[in-house]
Amino acid sequence: MEDFHPHNDEMIFNADEAHNIVKECIENVLGKADYNHNKVNQWTAAIVEQSLTHLVKLGKTYKYIGTCTVRWENRTMNCVVNVFAVAIIL
């Protein structure tokens, strides 16, 4: 099987850029908020929606899938976000 080599910048996925976008979205949504179980669904939806919206705005030829989990552990709030990018090659 032949290796795929992107032809231009539009096809190159920049993991650092995606990481920074997601981190900024987490900070915007959670900020200095205290854990509130009643807001977890709202927070996770907002983090995924904002992250994917910003990634799509980069104009890359990818389809994105995102998940988010916010939970309380030992006096700290943890947020885990996964973003998957699938290249669309026609």
Run the side-chain donor-acceptor check on residues 20-27: report pairs under 3.5 Å with partners two or more places apart or on a different chain.
residue: N20; atom: ND2; partner: D16; partner atom: O; Å: 3.3

Check: Linking Ile, Leu, Val, Met, Phe, Trp and Tyr through side-chain heavy atoms less than 4.5 Å apart, which residues share a cluster with I65?
Finding: F84
Please output the side-chain donor-acceptor pairs of residues 72-83 that fall under 3.5 Å, not counting sequence neighbours, one pair per line with the distance.
residue: E73; atom: OE1; partner: N78; partner atom: ND2; Å: 3.2
residue: E73; atom: OE2; partner: R71; partner atom: NE; Å: 2.6
residue: E73; atom: OE2; partner: R71; partner atom: NH2; Å: 2.2
residue: T76; atom: OG1; partner: E73; partner atom: O; Å: 2.7
residue: N82; atom: ND2; partner: T67; partner atom: OG1; Å: 3.4

Sequence neighbours left out, cut at 3.5 Å: what donor-acceptor pairs do the side chains of residues 32-40 make with other protein atoms?
residue: Y35; atom: OH; partner: H37; partner atom: ND1; Å: 3.4
residue: N36; atom: OD1; partner: N38; partner atom: N; Å: 2.9

Using atom types as modelled, flag every donor-acceptor pair under 3.5 Å from a side chain in residues 48-59 to any protein atom, sequence neighbours excluded.
residue: S51; atom: OG; partner: I47; partner atom: O; Å: 2.8
residue: T53; atom: OG1; partner: E49; partner atom: O; Å: 2.7
residue: H54; atom: ND1; partner: Q50; partner atom: O; Å: 2.8

Check: Can you say whether the rings of F13 and Y62 are parallel (under 30°), tilted (30 to 60°) or perpendicular (over 60°)?
Finding: perpendicular
Checklist line | A45: partners by side chain to side chain contact (heavy atoms under 4.5 Å, CB included), with sequence neighbours left out | finding: none
